[in-house]
Amino acid sequence: MITTTLSSDKSRSFGFYKDTLRRLKSFILFYGAVGFVFFPLQYLMGVLRDNGYYFMGLGEVFNAISMVFYGPFLCVVPVIVAAQIFGYMHSKKAVDLYHALPIRREELLLSSFAAGFTAILGPLALNYAIVILLKAVRFGGGQEVGKVVINFLYAAVICFAALAIAAFVFTQVGTKFDSIVITLGMYVILPALYLVTMLFMSEHLYGFNVDQSINWKLLLGLSPQLLFFYLYQGDYPLSSDPNMPTVASGHVTAFVWLIIGIFLALAAAVIYRRRKSEMAENTSTGGILKVFIKIASTYLASLLMGFIFEGVFGVGGDDFSMFLLGVVLGAVLVYLTAEVILSRSFKAIFKSLPMAAGLAVLLCAFSFVMHQGGFGYVTRVPKVEDVASVTIDYRGAYGENERQGGTGRYVQDVTLEGEEAKALVIQLHRLSVEEYQQYKGEVPDDSRYYRGYNYVNISYKMAGGSTMNRSYSSKSQGFLECLARLEANQEFITKTHPVFRTQYKDLEKVTLTGASGVGNVPLTFSEEEMNQLFTCMQEDLLARTYDQVVNGKPAIGFLSMDYKFDNRHNEYYSSDHSGRNQQSEYPEENFFMGGQLTLTEDFTNTVAFLKEKGYGSMLELQEGEVVGLVFRHPMYDGYNSEVISLVRDYNFNSYNSGNQTWKEEKGYVVYRDDPGLIGEILPKLHSSTINGYRCVRVDYVVNENLTANGAMEFPGGSVSNQGAYGYLAIDDLPEDVREELAEIDSEGIEYGQTTYPQVAVATESLSEDLAVQEE
Amino acid sequence: MIEAKSLVKKFEDYPALNGLTTTIEPGWIYGLVGTNGSGKSTFMRTIAGVYQPDEGSLQIQGADVFENIHVKDKVLFVPDDMFFLPQSTLADMAALYQGIYSGWSQDKYQELVKRFPISDKKKINTFSKGMKRQAAIILAIAAQPDYLLLDEAFDGLDPVIRVAVRKLIADEVASRGMSVLIASHNLRELEDFCDHIGILHQGKLLLERELDDLKGEFCKVQAAFKPMVDIDTLKEKLEILSIEMNGSIVNLIVRGSREEVLEKINHFNPLIADSMPLSLEEVFIYEMEAVGYDYNNIIF
């Protein structure tokens with residue numbers, strides 16, 4: 001009897017499933033046809049093109065059209081299906097039929113769900129099968145076909161989870177309209193909450209950086225539709241951000257969503273069992289879901305409105321009051337609007353006013369607390385002993401050419417573990433906090449003369465295993481001094497300069513450029529000699545002091561290292577499609593594209609070695625070698641000075657002026673060729689900018705190339721007559737030169753020291769917590 | 001047997017059923033009448049398993065109805081406002097019922113489709129109200145339920161089809177012992193068809209009787225007195241529900257059997273006295289008056 005009973009129960013469910021599927025016939029045909037147009041047809045058209053093809057994504061099956069349309073199309077299909085298979089719950093008439101049927105509510109729902117998912121999966125599988133067949137025929141089977149299968153599985157999970165969310169919502173809400181609105185809301189609300197919160201904290205929590213703090217794996221896991229990111233990314237990252245997750249991590253997220261989908265479907269069945277039939281067409285039902293959506297939308301809208309008000313109406317220091325005004329208006333407006341829409345009645349406004357006002361107050365309080373420092377977030381500075389290691393995205397003057405193995409991305413940060421290095425970074429951190437407290441984030445700067453690095457991301461790995469991230473931006477002298485000290489730190493140098501990380505066998509060639517900046521000579525050294533040169537450079541770099549970093553003596557030469565790298569690295573950058581598949585075979589270790597070193601008298605060992613090898617003459621300016629000096633206006637597209645530049649010894653190589661014409665009367669430069677003046681100025685030049693002083697860049701003119709009217713013209717692409725450059729304090733400018741430069745624009749040229757704030761506290765704190773004495 | 005005990009069903013704070021107790025035996029054709037909003041449709045939906053009782057119990061053959069598929073398999077509910085699957089034909093609906101109701105008789109279905117003047121291939125949403133009602137009746141009968149619940153069973157049907165449907169249902173009752181519960185405001189039609197009546201008011205059964213017994217409890221008397229009898233004396237002797245005087249003729253609605261009432265009237269020596277049973281409609285109206293649901297309170 002029981003067997004018979006169970007059997008008839010199962011046959012009822014299956015009968016209902018078949019009937020529901022039958023009713024979805026038209027939808028299946030339509031959806032399959034649209035899916036075909038946006039997916040297999042696009043693939044076929046791409047493959048048939050005579051002038052090549054370009055596919056993207058996992059398994060390389062998407063073109064631009066399919067990426068734009070197919071993904072979003074698949075995102076909304078589950079809602080459409082849900083409205084068809086679950087919509088009866090929201091009709092009193094339909095409920096009389098369905099709930100009177102001799103079939104359990106759970107079976108009713110799960111049979112409907114199964115039919116809905118079958119209706120989605122069938123055409124999806126067919127369209128993917130067509131693409132797989134085309135791919136196999138055109139390119140052969142193998143690994144790529146396997147990736148397309150994974151692509152299909154991702155799409156299936158996305159649709160399954162989205163349908164499960166819809167089922168979960170439809171069983172709790174009274175009307176079809178509310179169900180659709182809330183379902184669509186559920187698809188986007190969690191990622192939106194996360195992103196807007198990140199943005200808010202980035203704007204109002206000093207030290208918080210959204211790029212650094214955002215957890216992309218988490219964000220992309222907050223909605224099943226975001227799994228499309230992994231489909232579109234495939235093997236090749238859409239973004240160069242190393243924090244972006246790869247397809248491999250997407251597998252875990254997809255599996256989690258599969259489990260969540262199963263859970264939600266079962267939960268929907270349980271909820272449906274308890275759902276009262278009289279909920280149909282009732283706009284006041286919706287329970288916790290409606291409340292959640294209303295509050296979440298209010299939160300989002302109020303913060304966004306705050307951003308808008310702050311941006312449009314905020315003036316100077318009054319930005320935050322405008323932000324709060326936006327929060328209040330946004331909270332009240334959006335909450336009341338949501339209430340009116342979901343209850344279909346304007347009378348709901350009066351009932352909801354207290355709640356809207358309460359939310360507005362709460363959000364204002366939250367915003368205020370964050371703005372005031374977020375319960376100590378802003379002012380927290382770790383102790384050296386609590387930090388296991390610190391990573392900072394600053395690599396100094398020499399660490400910019402390191403590339404990440406496997407991706408080829410530039411390595412932008414360095415991880416420091418030594419006590420002194422950690423202390424230096426912590427000093428930078430503390431200085432930034434103190435500046436903020438003194439100037440409330442509006443540290444005065446001298447941006448007219450400013451060029452260069454002013455922003456750092458710091459990531460501490462604490463001894464307890466946790467991570468602490470901060471980001472700071474400043475143009476203050478103290479900030480720059482901290483960076484300069486880091487450049488003089490031995491651990492920092494050994495981890496950033498290629499001479500500590502590479503060997504002779506990695507080199508293609510080493511080139512020496514002389515003091516004038518023209519004439520490149522490849523050094524023809526044996527392996528032993530090259531190793532000796534490396535040793536000298538290492539010793540000189542390790543011996544470098546803070547003062548030498550800051551007050552760079554005039555450059556006397558420049559060493560340029562070109563590295564050979566594996567042919568496989570070359571293929572990564574080729575446009576040849578087949579080469580792109582080599583990425584998985586790349587070596588794991590990082591590699592260098594090049595390296596450089598600006599030689600001054602301070603590099604005693606290296607200079608002595610080069611002189612010993614007969615290159616001494618190149619390291620001195622010969623009599624009359626420099627025939628002219630070009631004094632650049634500070635605003636000229638260039639590397640004018642200010643203290644920040646002291647930590648970057650810019651490439652001392654010849655500057656390629658292209659087709660520029662420097663004209664005394666109309667350009668941004670002043671030219672002098674008086675030998676006496678040249679002799680007077682040259683010794684005053686520095687290879688890096690001067691600590692605390694404004695300066696101008698001065699370019700050498702090494703070969704004569706004067707035209708009849710006195711203007712200099714440099715042929716396009718020619719670099720033969722423009723030499724090196726250095727920096728000269730404005731105070732050291734000849735008066736006539738200064739006056740001419742000042743006439744170039746209305747703001748004139750200012751003498752003297754920078755107006756950067758001399759933050760006394762920061763200056764003192766530079767020596768705090770440091771175990772190493774200053775030289 | 002359908003057994004309701006102190007059945008309560010509320011919609012928010014409003015008690016649509018407020019302690020309803022009744023028993024409907026197999027084979028009955030039970031007419032459910034009541035004032036607007038008295039709970040007829042709610043009671044039917046509760047029997048059908050659409051609503052879950054908030055208090056009390058509702059059982060069919062000793063088993064609770066709600067979410068009991070074995071019980072619901074024997075119950076078929078035809079609501080007043082019928083619903084059919086979108087874009088479906090009668091054949092499509094039959095296919096659904098066939099897969100769900102274990103008692104479905106395809107032969108019966110085919111037979112009914114031939115007898116009724118509607119097509120099972122056309123979409124039901126193109127049908128008139130009466131045609132939809134016919135479709136619903138066909139599906140209900142073909143499912144061969146033990147309990148058939150009809151809310152406004154004959155609404156929209158033409159007189160010929162009405163007779164056909166009544167006969168059809170009667171045949172099912174006679175042949176299979178099917179129980180029928182009909183809710184309707186057409187008391188005239190119920191009077192001809194049902195054998196039991198229940199009058200519902202404000203969520204409770206005011207009374208329920210076999211129809212004949214119910215009608216036998218009241219009678220309408222027309223008598224002429226000369227001289228006119230003292231009305232107060234008349235009221236003392238008889239339970240008069242309504243009195244209307246027209247000269248020397250008195251029209252009375254009296255609770256009691258015809259014989260009893262005439263015997264008492266005759267004590268007053270009327271010139272002439274005659275009685276007749278009340279119609280169901282009249283019984284309903286006078287019972288409602290007794291509980292204060294009086295059209296005199298409504299008419300302006």
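Note on naming: letters A, B, ... go to the chains in the order of the sequence lines (proteins, then strands), and numbering restarts at 1 for each one.
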_Nearest atoms (heavy-atom pairs only) where A:Ala100 meets B:Tyr101_ = O-OH, 3.7 Å
*How many angstroms lie between NZ in A:Lys276 and CZ in B:Phe11, if you round to the nearest 0.5 Å?*
9.0 Å
*Nearest 0.5 Å, what's the CZ-CD distance between A:Arg274 and B:Glu67?*
11.0 Å
_Whether over 12 other heavy atoms sit under 6.0 Å from B:Lys132 NZ_ = yes
*Which value, rounded to the nearest 0.5 Å, describes the distance between A:Glu278 atom CD and B:Gln52 atom CD?*
9.0 Å
*Within-4.5 Å side-chain heavy-atom neighbours: B:Ser102 and A:Arg12*: yes
*How far does CZ of B:Phe83 sit from CG of A:Asp96, to the nearest 0.5 angstrom?*
10.0 Å
_Please classify the contact of A:Phe14 with chain B as side chain, backbone, both or neither, using a heavy-atom distance under 4.5 Å._
neither
_Between B:Asp81 and A:Lys92, does any NZ, NE, NH1 or NH2 come within less than 4.0 Å of an OD or OE carboxylate oxygen?_
no
*asked:* Side chains of A:Arg23 and B:Leu96, heavy atoms from C-beta outward: is any pair under 4.5 Å?
replied: no
*With the side chain counted from C-beta on, respond yes when A:Asp19 and B:Ile100 share a heavy-atom pair under 4.5 Å apart, and no when they do not.*
no
*Measure A:Leu97 against the heavy atoms of chain B and call it side chain, backbone, both or neither at under 4.5 Å.*
side chain
*When you check the gap from the basic side-chain N to the acidic O, do B:Asp92 and A:Arg22 get nearer than 4.0 Å?*
yes
*Give, for atom CZ of A:Arg273 and atom CZ of B:Phe66, the distance between the pair rounded to the nearest 0.5 Å.*
5.5 Å
*Side-chain contact, heavy-atom cut-off 4.5 Å: A:Val95 with B:Tyr51?*
no
*Quick one: pull up CG in B:Asp80 and NZ in A:Lys93 and give me the separation to the nearest 0.5 Å.*
10.0 Å
*Side chain, backbone, both or neither of B:Asp54 within contact of chain A (heavy atoms, under 4.5 Å)*: side chain
*asked:* For A:Ile288, I'd like to know if atom CD1 has over 12 heavy atoms of other residues, nucleotides or ligands within 6.0 Å.
replied: no
*Any donor-acceptor pair under 3.5 Å from B:Lys72 side chain to A:Arg104 backbone*: no
_B:Met93, part contacting chain A, at a heavy-atom distance under 4.5 Å_ = side chain
_Take a 6.0 Å sphere around CD of B:Glu12 and say whether it holds more than 12 heavy atoms from other residues, nucleotides or ligands._
no
